[in-house]
Amino acid sequence: MDIQTDPHPNFWTYTKADALSKLATAEVGLSDQEAAKRLKAYGTNTINPATGNKGILLFLSQFKSPITIMLAQCGGI
């Protein structure tokens with residue numbers, strides 16, 4: 001996953017007009033042409049399903065660090 005700089009820091013402080021202006025949109029939404037253009041430029045708004053460790057493998061993966069193992073052993077003292 002790429003870490004990108006947020007182009008709209010502190011967006012929660014924007015007024016409605018500021019937000020619409022900065023996102024280049026209107027209250028009624030995007031036109032079909034603009035939506036198609038942004039879809040092509042940015043892709044779909046989806047989250048890829050998680051892959052990899054499940055169940056016991058996820059649990060065991062927590063013990064990769066020797067420090068974690070030492071802390072787990074000291075927990076019974």
Side-chain angles (χ1 to χ4, degrees):
M1 174 166 49
D2 293 346
I3 298 176
Q4 299 175 354
T5 303
D6 188 353
H8 305 289
N10 303 326
F11 63 88
W12 55 91
T13 64
Y14 293 170
T15 64
K16 183 178 179 179
D18 286 341
L20 292 172
S21 173
K22 290 181 185 293
L23 296 173
T25 190
E27 281 191 63
V28 295
L30 301 173
S31 68
D32 289 341
Q33 291 171 329
E34 182 64 20
K37 178 179 156 187
R38 291 186 187 193
L39 181 61
K40 185 176 180 180
Y42 303 112
T44 58
N45 186 17
T46 58
I47 298 174
N48 295 331
T51 58
N53 297 335
K54 293 191 172 53
I56 191 72
L57 293 177
L58 177 60
F59 175 75
L60 293 174
S61 73
Q62 305 302 309
F63 296 96
K64 290 179 182 175
S65 168
I67 293 181
T68 306
I69 296 169
M70 288 188 292
L71 289 172
Q73 290 176 347
C74 292
I77 296 178

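Computed from a predicted structure; not experimentally measured.
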Point to revise | Which residues share a side chain to side chain contact (heavy atoms under 4.5 Å, CB included) with S65, sequence neighbours left out | key: I67, T68
Could you pull out every donor-acceptor pair under 3.5 Å between side chains of residues 14-21 and any protein atom, sequence neighbours left out?
from : atom 1 : to  : atom 2 : distance (Å)
T15  : OG1    : D18 : N      : 3.1
T15  : OG1    : D18 : OD2    : 3.2
K16  : NZ     : E27 : OE1    : 3.0

**Study point:** Remaining members of hydrophobic cluster (4.5 Å side-chain criterion), L30
**Key:** none
Practice item. Return the set of residues passing ring pair (Phe, Tyr, Trp, His ring centres under 6.0 Å) with F59 (not counting sequence neighbours), or none when no residue passes. Key: F63
Review point. Excluding sequence neighbours, so at least two apart, what forms side chain to side chain contact (heavy atoms under 4.5 Å, CB included) with N10?
Key: W12, T13
Review point. Side-chain heavy atoms under 4.5 angstrom apart, residues restricted to Ile, Leu, Val, Met, Phe, Trp, Tyr: same cluster for I56 and I69?
Key: yes
Practice item. Just jot down the side chain to side chain contact (heavy atoms under 4.5 Å, CB included) partners of Q62, sequence neighbours excluded, or say none. Key: L58
Exercise for review: Under the side chain to side chain contact (heavy atoms under 4.5 Å, CB included) rule, collect the residues that match up with T44, sequence neighbours excluded.
Suggested key: L39, T46
